Amino acid sequence: MTSEELREKVELALDEIRPFLQSDGGDISLLSIEDDRLVKVQLQGACVGCGVNQMTLKSGVEMTIKKHAPQIEQVINIG
């Protein structure tokens, strides 16, 4: 899979989870993909100050991204 194909798959995953974040007043944007293994995102809106954003990041965002792009090993939020 090329880097561009990987980026498309990650964006597709984010599009899948975005409505859930937006329903709570938040959002997410893709900042970068490094070494085809590490995804850097930025939580936005209500997600920034939310006490459960790490749980959302791991069990929601990371799981969804890995479903679309299994080679991704980690997703981190850049605040």
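Position 1 is the first residue of the sequence; numbering continues from there. Only a predicted model underlies this, so the values are computations on that prediction, with no experimental measurement involved.
Taking NE2 of H68 as the start and CD of E8 as the end, the distance is 13.0 Å to the nearest 0.5 Å. Residue I17 holds its CD1 atom at 8.0 Å from CG of L14, rounded to the nearest 0.5 Å. Here R18 contributes atom CZ and S23 contributes atom OG; the two are 13.0 Å apart, rounded to the nearest 0.5 Å. To the nearest 0.5 angstrom, L43 atom CG is 4.0 Å from N77 atom CG. Interatomic distance, M63 CE to T56 OG1, rounded to the nearest 0.5 Å: 11.0 Å.
Contact detail for Q22 and D27: the closest heavy-atom pair is NE2-OD2, 3.3 Å. Here the closest heavy-atom approach between residue S3 and residue D36 is recorded as OG-OD1, 3.5 Å. Minimum heavy-atom separation, C47 to G26: SG-CA, 3.7 Å. I72 approaches K66 most closely through the heavy-atom pair O-CE, 3.4 Å. Of all heavy-atom pairs spanning G60 and T64, the tightest one is O-OG1, 2.7 Å. Across all their heavy atoms, I78 and Q42 have their closest contact at O-CG, 3.4 Å.
Connection of L30 to F20 is established within a shared hydrophobic cluster, with ILVMFWY side chains joined at heavy-atom distances below 4.5 Å, either directly or through further cluster members. Under a hydrophobic-cluster definition in which Ile, Leu, Val, Met, Phe, Trp and Tyr are linked whenever side-chain heavy atoms come within less than 4.5 Å, directly or via other members, L12 and L21 are assigned to different clusters. The hydrophobic clustering, which links ILVMFWY residues whose side-chain heavy atoms are closer than 4.5 Å, places I76 and V61 apart.
For the pairing with I33, the side-chain contact (heavy atoms from CB on, under 4.5 Å) check across L38, V39, I65 returns one residue only, V39. Applying the side-chain contact (heavy atoms from CB on, under 4.5 Å) test between R37 and each of Q71, E73, Q74 identifies E73 as the sole match.
Around atom CD of E4, no more than 12 heavy atoms belonging to other residues, nucleotides or ligands sit under 6.0 Å away.
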